[in-house]
Amino acid sequence: MKLLVVQGPNLNLLGRRDPSVYGTMTLEAIHERLRDRARHLGVELAFFQSNLEGALIDFLQRDAPQAAGVIINPGALTHYGLSLREALVDTGLPVVEVHLSNIHAREAWRQRSVVAPIAVAQVSGMGWRGYLAALDFLVDRIKEEAAP
Ligand code: DQA
């Protein structure tokens, strides 16, 4: 089973971007933890980060046909990225939305997600651990749907 891990704008700066909100772990360190966990679960991950909405969409269009699910932190596109949302719908795959910070406890503009209504779940406020929670949940859900 292959899952896509998609990271939106500015997440390449994790580690030095507002560490009091987003933590001190770099994106690569988070991906390393995910790789370890995926190995343990026996699943394959494909990672992609971009600061461009179109590049995220191109990646989804290209790689989704070989994948079973998507874990995505859309960054600020969460709040207005309708093309990204439509690309996620078009994958036909279960999507788990992840946020390092608790977007519901922040500015009003962050509290609305255009992705949440098309996601099977949202993880918000668990820091880097949220990605591992999303991975565990998504793998479990996909396996359960395949063999209830
Ligand atoms: C974020 C929250 C968004 O509001 C913000 O624009 C980000 C990161 C998070 O992981 O908490 O870039 O998605």
Side-chain angles (χ1 to χ4, degrees), residues 1-41 43-64 66-142:
M1 181 199 304
K2 178 167 151 185
L3 303 177
L4 309 182
V5 179
V6 181
Q7 308 277 9
N10 300 309
L11 294 168
N12 55 312
L13 295 183
L14 283 182
R16 50 201 169 97
R17 177 189 184 207
D18 210 343
S20 64
V21 175
Y22 299 119
T24 53
M25 208 183 278
T26 63
L27 192 62
E28 190 41 47
I30 293 173
H31 288 177
E32 202 43 56
R33 301 245 178 170
L34 279 169
R35 253 182 233 114
D36 283 351
R37 184 88 193 121
R39 212 172 294 125
H40 177 77
L41 293 170
V43 301
E44 187 191 338
L45 300 180
F47 297 96
F48 186 74
Q49 188 278 328
S50 180
N51 295 326
L52 306 175
E53 187 169 7
L56 298 168
I57 293 168
D58 285 344
F59 172 75
L60 287 169
Q61 290 185 0
R62 194 184 63 228
D63 282 44
Q66 292 82 45
V70 182
I71 294 168
I72 184 164
N73 183 344
L77 292 169
T78 302
H79 316 297
Y80 67 94
L82 295 175
S83 303
L84 179 61
R85 169 189 158 136
E86 291 193 324
L88 288 165
V89 170
D90 290 344
T91 65
L93 298 174
V95 173
V96 179
E97 176 186 348
V98 176
H99 300 287
L100 295 143
S101 64
N102 179 1
I103 59 171
H104 303 288
R106 299 185 67 192
E107 302 95 316
W109 63 269
R110 288 189 205 272
Q111 294 177 20
R112 174 166 169 266
S113 166
V114 299
V115 173
I118 61 91
V120 294
Q122 183 191 68
V123 180
S124 183
M126 288 174 62
W128 60 269
R129 292 177 182 84
Y131 287 98
L132 297 183
L135 177 59
D136 283 344
F137 164 74
L138 192 54
V139 170
D140 217 46
R141 187 184 191 274
I142 292 166

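Every number for a ligand or one of its atoms is a count from 1 in the order of the listing. Quick caveat, the model's predicted, so the values are computed rather than measured.
- Remark: minimum distance from atom 8 (C) of ligand 1 to any protein heavy atom is reached at Y22 CE2, 3.6 Å.
- Among all non-hydrogen protein atoms, the one lying nearest atom 9 (C) of ligand 1 is L100 N, 3.4 Å.
- Contact between R17 and ligand 1 is present, with at least one heavy atom of the residue lying under 4.0 Å from the ligand.
- The shortest N or O to N or O distance between R106 and ligand 1 is not below 3.5 Å.
- Between D36 and R39 there is a salt bridge, with a side-chain nitrogen of the basic residue lying less than 4.0 Å from a carboxylate oxygen of the acidic one.
- Residue contact check: H79 has heavy atoms under 4.0 Å from atoms 3 (C), 4 (O) of ligand 1.
- You'll find the side chain of P117 reaches within 4.5 Å of the side chain of R85, heavy atoms only.
- Note: an N/O pair closer than 3.5 Å links S101 and ligand 1 by distance alone.
- Near R110, meaning under 4.0 Å from one of its heavy atoms, ligand 1 places the atoms 3 (C), 4 (O), 5 (C), 6 (O).
- Summary of contacts: the protein heavy atom closest to atom 1 (C) of ligand 1 is H99 ND1, 3.7 Å.
- Ligand 1 lies out of reach of N10, whose nearest heavy atom is not under 4.0 Å from it.
- The aromatic rings of H79 and W109 sit perpendicular to each other, their planes meeting at more than 60°, with 30° as the lower class boundary.
- Using a 4.0 Å cut-off between charged side-chain N and carboxylate O, R35 and E28 make a salt bridge.
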